[in-house]
**Q** 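Starting off with a structure, shown below.
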Amino acid sequence: MELTEQEIFRRNAAEEIRKLGIDPYPAAQYEVNANAADILANFEREKGDYQDISIAGRIMGRRIMGNASFAEIQDQTGRIQLYIKRDEICPGDDKTIYNTLFKKLLDIGDIIGVKGYVFITNTGTISVHVTSLTLLCKSLRPLPVVKIDSEGKAHDVVSDPELRYRQRYVDLIVNPQVKNVFKQRAQIISSMRNFFNERGYLEVETPILQSIPGGATAKPFITHHNALDIPLYMRIANELYLKRLIVGGFDAVYEFAKDFRNEGMDRTHNPEFTQMEIYVAYKDYEWMMQMTEELLEKIAIDLYGTSIVPCGDHTLDFKRPFQRIGILDAIKEHTGDDVANMDEDELRKVCQKHNIHVEASMGKGKLIDELFSAKCEKHYVQPTFIMDYPVEMSPLTKKHRSKPGLVERFELMVNGKELANAYSELNDPVEQRLRFEEQMKLAARGDDEAMTIDNDFLRALEYGMPPCSGIGIGIDRLAMLMTNNASIQDVLFFPQMRPETF
RNA sequence: GACUCCGUAGCUCAGCUGGUAGAGCAAAAGACUCUUAAUCUUUGGGUCGUGAGUUCGAUCCUCACCGGGGUCACCA
């Protein structure tokens, strides 16, 4: 790879630094006792504190005025200005550290540590008056420089999505608000974990490599285990394993699970994504709706201090309780068609009437799902539970206690997108076997996402699983909602991309 | 997968009804001991995504390919 002019200059500078007897990549730890955000928030001139600080960060800008300079360094918490005076960092006759190292050989992007004291400049900027400077890492690539003018307007913002996603490290350095999105994501997960742990639920880990990919209807990634010489699948869900644990006697288990689905990618789908699934014994989907309301309200309040969350052109309110509507009622409301008692042929006609693409392999459940996705989904902006799905599209769900042909299932729709999926779990092993067999028939018709029968799971159910309710919540989509990002790529550090050629 | 838009210096972008390119920042050299988009002087840096075609001549027109965005399809 040909080096650019600036890369050559920086490599040469690293050599020059070595010639001065300074290691551009020193091994020793650098003790830090302060950070930018804390200093900017808490420094008061009168208090006389922050007078012996040590801080480290990346050089983000320099303004050299002969024998005194200002620079800005950025640490994990933010940026702070440094004031560097030649005769203070070089008190003796040897001015090399200032004249040669700082002025000539350091660049924007280098990581340095400084010691000194905090003061306020004549123009009122809280700054660190540097008394000693240590190079901690020489940067060999020029960093994009984003400047903020006096009106707070950013110039030359790095916005090219390809650069931002492929080189997330650069994005994080130059776009400080990006870091905040990921802090919020971590906070959301932490809120959920606290919520569950306070209730005594057990966090567990279950297999990612599975010989039968179950628990969802989706196309899996296939891999191969050499020693066993068998195909293995990357999990599409962990549902069947968590239910095995309920059989085993845990009353509530949850997992933040990376799932993998070999399907199309767009702004709401990444091939690998995170889903939180939880199963609680002796509960039903009514209970689960209440728990979900409590959980989401808490997440919003932990994050924003209120249940109200900005989201694109809307404002979402996660205040309990959420709206509830049956899926067939939703379809009736938005299409005018009452599909409750229709057979497959009639349903297909209704779909065609609404210009919905149908295929021969689609069964009744799938057709209803299509109808809902195309005509209803987008209308549910505020958190809404869509309830009581047809049995055909829910092979793991218990039949509705009072509504024939339906199951006790809900999906939570927010901002026109599915955020969660939950049900009263089917625990009748004979019924479950029949449902799997129905799925096998769909597979025979050409549905390459239909479930395959999992005999070990059925064996577990035969030992007896207490009635329970489970839910899966899409963590990436939740993060999108809660951080007001329209693209999944903005809430994943490293969204999937075609491999780069170097 | 289909359609569509985009790809020019390290970064952000201009440009040309077709005559092989400009700016700001960044960089290099110099000046400057309170700057803050620091300023001032000087300078370097590009096979205009890749390949082919049309043309006397292509960064610009055509086609293919590569990469990305958007819409749709697929997909909980």
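These numbers come from the heavy atoms of this one structure, side chains and all, not from hydrogens, waters or symmetry mates. Letters A, B, ... mirror the listed sequences (proteins, then strands); counts begin at 1.
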**Q** What is the distance from CG of Leu442(A) to P of C75(B), rounded to the nearest Å?
**A**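 My rounded result for the distance is 13 Å.
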**Q** Do Arg10(A) and Glu7(A) sit within salt-bridge range, that is, some charged N less than 4.0 Å from a carboxylate O?
**A**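 Here Arg10(A) does not pair with Glu7(A) in a salt bridge, since their nearest N and O are not under 4.0 Å apart.
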**Q** Any pair with a residue in residues 372-391 of chain A that passes salt bridge (Lys or Arg N to Asp or Glu O under 4.0 Å), sequence neighbours left out, goes on the list, sorted by first then second residue, please.
**A**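 The answer is Asp388(A)-Lys403(A).
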**Q** A28(B) P sits how many Å from Arg11(A) CZ, rounded?
**A**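 Going from CZ in Arg11(A) over to P in A28(B) covers 15 Å.
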**Q** For Glu333(A) and His379(A), test the side chains for any donor-to-acceptor distance below 3.5 angstrom and give the result as yes or no.
**A**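 The answer is no; no qualifying pair exists.
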**Q** So does Asp476(A) pair up with Arg185(A), basic N to acidic O under 4.0 Å?
**A**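 Arg185(A) and Asp476(A): salt-bridged.
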**Q** Take atom NZ of Lys95(A) and atom C1' of U33(B), then tell me their distance rounded to the nearest Å.
**A**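 Computing the Lys95(A):NZ to U33(B):C1' distance gives 12 Å.
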**Q** Check every atom of G70(B), A37(B), U35(B) against the side chain of Arg267(A) and return the nucleotide holding the closest atom.
**A**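 Nearest to the side chain of Arg267(A) among the choices is G70(B).
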**Q** Minimum heavy-atom separation for Glu370(A) and Ile356(A), please, with both atom names.
**A**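 Nearest pair, atom of Glu370(A) first, then Ile356(A): CB-CG2, 3.9 Å.
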**Q** Without hydrogens or angle criteria, can the side chains of Thr397(A) and Glu425(A) be said to hold a donor-acceptor pair below 3.5 Å?
**A**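 On atom types as modelled, these side chains do not qualify, holding no pair under 3.5 Å.
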**Q** Got a list of protein N/O to nucleotides 23-27 of chain B N/O distances below 3.5 Å?
**A**
| residue | atom | partner | partner atom | Å |
| --- | --- | --- | --- | --- |
| G24(B) | N2 | Asp156(A) | OD2 | 3.3 |
| C25(B) | O3' | Lys147(A) | NZ | 3.2 |
| A26(B) | OP1 | Lys147(A) | NZ | 2.9 |
| A26(B) | N3 | Gln6(A) | NE2 | 2.9 |
| A27(B) | O4' | Gln6(A) | OE1 | 3.2 |

**Q** If you measure only the distance, is there a donor-acceptor pair under 3.5 Å linking the side chains of Gln496(A) and Asn270(A)?
**A**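 Judged by distance alone, the side chains do not pair up.
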**Q** Can you check the distance between U54(B) and U62(B), where both ends of the measurement are the P atom (answer in whole Å)?
**A**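 These two P atoms come out 16 Å apart once rounded.
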**Q** Heavy atoms from C-beta onward define the side chain here; which of U35(B), A37(B), U33(B) lies closest to that of Asp87(A)?
**A**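 Ranking U35(B), A37(B), U33(B) by closest atom to the Asp87(A) side chain puts U33(B) first.
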**Q** Please give the distance between the C1' atoms of A9(B) and A21(B) as a whole number of Å.
**A**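 Nearest-Å result for A9(B) against A21(B) at atom C1': 11 Å.
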**Q** Using atom P of each nucleotide, how far apart are C63(B) and C3(B) to the nearest Å?
**A**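 Roughly 12 Å separates the two P atoms.
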**Q** Once you round it to whole Å, what is the distance between C1' of C34(B) and OH of Tyr83(A)?
**A**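 Interatomic distance, OH of Tyr83(A) to C1' of C34(B): 5 Å.
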**Q** Measuring only the P atom in each nucleotide, how far is C6(B) from C74(B)? A whole number of Å is fine.
**A**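 Looking at atom P only, C6(B) and C74(B) are 28 Å apart.
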**Q** Applying salt bridge (charged side-chain N to carboxylate O under 4.0 Å, His left out) to Lys364(A) and Glu344(A), what does each step give before you reach the verdict?
**A** CA-CA 5 Å; Lys364(A) 202 173 150 183; Glu344(A) 196 178 305; over 6 Å; no
**Q** Tell me every residue that passes side-chain contact (heavy atoms from CB on, under 4.5 Å) with Thr483(A), counting only those two or more places apart in sequence or in another chain.
**A**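 Thr483(A): side-chain contact (heavy atoms from CB on, under 4.5 Å) contacts with Val181(A), Gln184(A), Asn485(A), Val491(A).
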**Q** Both atom distances under 3.5 Å, Watson-Crick or G-U wobble: I'd like the secondary structure of RNA chain B as a dot-bracket string, with | for pairs made across strands.
**A** (((((((..((((.....[..)))).(((((.......))))).....(((((..]....))))))))))))....
**Q** List in numerical order all residues of residues 160-176 of chain A for which some heavy atom is under 4.0 Å away from an atom belonging to RNA chain B.
**A**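 Output list: Asp160(A), Pro161(A), Glu162(A), Arg166(A).
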**Q** Of all of residues 475-497 of chain A, which get a heavy atom below 4.0 angstrom from RNA chain B, listed by number?
**A**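 Those residues whose heavy atoms fall under 4.0 Å from RNA chain B, taken from residues 475-497 of chain A in numerical order, are Arg477(A), Gln489(A), Met497(A).
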**Q** Figure out the CG/C1' separation between Asn99(A) and G30(B), and round it to whole Å.
**A**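 Checked: the CG to C1' distance equals 14 Å.
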**Q** Rounding to the closest angstrom, what is the interatomic distance between U35(B) and G30(B) at atom P?
**A**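 It comes out at 23 Å once rounded to the nearest Å.
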**Q** Can you tell me if Tyr423(A) and Glu239(A) form a side-chain donor-acceptor pair at under 3.5 Å?
**A**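 Distance-only check passes for Tyr423(A) and Glu239(A).
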**Q** May I have the distance from Ile356(A) (atom CD1) to C74(B) (atom P), rounded to whole angstrom?
**A**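 One finds 10 Å between P of C74(B) and CD1 of Ile356(A), rounded.
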**Q** For Leu20(A), check side-chain contact (heavy atoms from CB on, under 4.5 Å) against everything at least two apart and list the hits.
**A**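 Partners of Leu20(A) under the side-chain contact (heavy atoms from CB on, under 4.5 Å) test: Ile22(A), Thr96(A), Thr100(A), Leu105(A).
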**Q** Just jot down the salt bridge (Lys or Arg N to Asp or Glu O under 4.0 Å) partners of Lys153(A), sequence neighbours excluded, or say none.
**A**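 If we apply the salt bridge (Lys or Arg N to Asp or Glu O under 4.0 Å) test to Lys153(A), skipping adjacent residues, there are no hits.
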**Q** Check whether any side-chain N or O of Gln352(A) sits under 3.5 Å from a backbone N or O of Val350(A) as a donor-acceptor pair, and report yes or no.
**A**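 Not confirmed, Gln352(A) side chain does not pair with Val350(A) backbone.
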**Q** So what does Thr4(A) touch, heavy atoms closer than 4.0 Å: a base, only the sugar-phosphate, or nothing?
**A**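 Thr4(A): backbone/sugar contact only, no base atoms under 4.0 Å.
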**Q** What's Glu7(A) touching, base or sugar-phosphate or nothing? Going by heavy atoms closer than 4.0 Å.
**A**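 The residue Glu7(A) makes no contact with any strand.
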**Q** Under 4.0 angstrom, heavy atoms only, what part of the nucleic acid is Phe119(A) near: base, sugar-phosphate, or nothing?
**A**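 It contacts base atoms.
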**Q** When the P atoms of U42(B) and U4(B) are considered, how many whole Å apart are they?
**A**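 Roughly 49 Å separates the two P atoms.
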**Q** Listing time: all N or O pairs from protein to nucleotides 5-7 of chain B that are below 3.5 Å?
**A**
none

**Q** Please check if any side-chain donor atom of Thr384(A) sits under 3.5 Å from a side-chain acceptor atom of Gln323(A), or the reverse.
**A**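 There is no such pair between these side chains.
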**Q** Are OP1 or OP2 of U35(B) and a side-chain N or O of Arg63(A) less than 4.0 angstrom apart?
**A**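 So the side-chain polar atoms of Arg63(A) never come under 4.0 Å of the phosphate oxygens OP1 or OP2 of U35(B).
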**Q** Under the salt bridge (Lys or Arg N to Asp or Glu O under 4.0 Å) rule, what pairs show up with a residue in residues 60-81 of chain A, not counting sequence neighbours?
**A**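 Residue pairs passing salt bridge (Lys or Arg N to Asp or Glu O under 4.0 Å), neighbours aside: Arg63(A)-Glu72(A), Glu72(A)-Arg79(A).
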**Q** May I ask you to evaluate whether Arg498(A) reaches the phosphate of G67(B), defined as a side-chain N or O under 4.0 Å from OP1 or OP2?
**A**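 Affirmative; the distance criterion is met.
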**Q** Going by heavy atoms in the side chains, are Phe119(A) and Tyr83(A) under 4.5 Å from each other?
**A**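 Touching, per the 4.5 Å side-chain cut-off.
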**Q** Without hydrogens or angle criteria, can the side chains of Asp171(A) and Tyr165(A) be said to hold a donor-acceptor pair below 3.5 Å?
**A**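 On atom types as modelled, these side chains do not qualify, holding no pair under 3.5 Å.
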**Q** Describe the nucleic acid contact of Ala154(A) in one word from base, sugar-phosphate, nothing, applying a heavy-atom distance below 4.0 Å.
**A**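 Contact class for Ala154(A): none.
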**Q** Which value, in whole Å, describes the distance between the C1' atoms of nucleotides G18(B) and C60(B)?
**A**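 Roughly 6 Å separates the two C1' atoms.
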**Q** Thinking salt bridges, do Lys115(A) and Asp52(A) make one under a 4.0 Å N-O criterion?
**A**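 The answer is no: the pair does not qualify as a salt bridge.
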**Q** Measure from CD on Gln81(A) to P on U35(B) and round the result to the nearest Å.
**A**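 After rounding, the gap between these two atoms is 10 Å.
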**Q** Can we say Asp337(A) and Lys353(A) salt-bridge, meaning some charged N sits less than 4.0 Å from an Asp/Glu carboxylate O?
**A**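 Yes, Asp337(A) and Lys353(A) are salt-bridged.
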**Q** Looking only at atom C1', what distance separates C72(B) and C25(B), rounded to whole Å?
**A**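 Those two atoms are separated by 39 Å.
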**Q** For RNA chain B, what residues of residues 367-374 of chain A have any heavy atom nearer than 4.0 Å?
**A**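 Contacting residues: Glu370(A).
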**Q** Among pairs that include at least one residue of residues 474-495 of chain A, which meet ring pair (Phe, Tyr, Trp, His ring centres under 6.0 Å), considering only residues two or more places apart or in two chains?
**A**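 Listed by first then second residue: Phe182(A)-Phe493(A).
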**Q** How many whole angstroms separate atom NE2 of His129(A) from atom P of U33(B)?
**A**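 His129(A) atom NE2 is separated from U33(B) atom P by 15 Å.
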**Q** Assess whether a salt bridge exists between Glu438(A) and Arg435(A), defined as any Lys/Arg side-chain N lying under 4.0 Å from an Asp/Glu carboxylate O.
**A**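 The answer is no: the pair does not qualify as a salt bridge.
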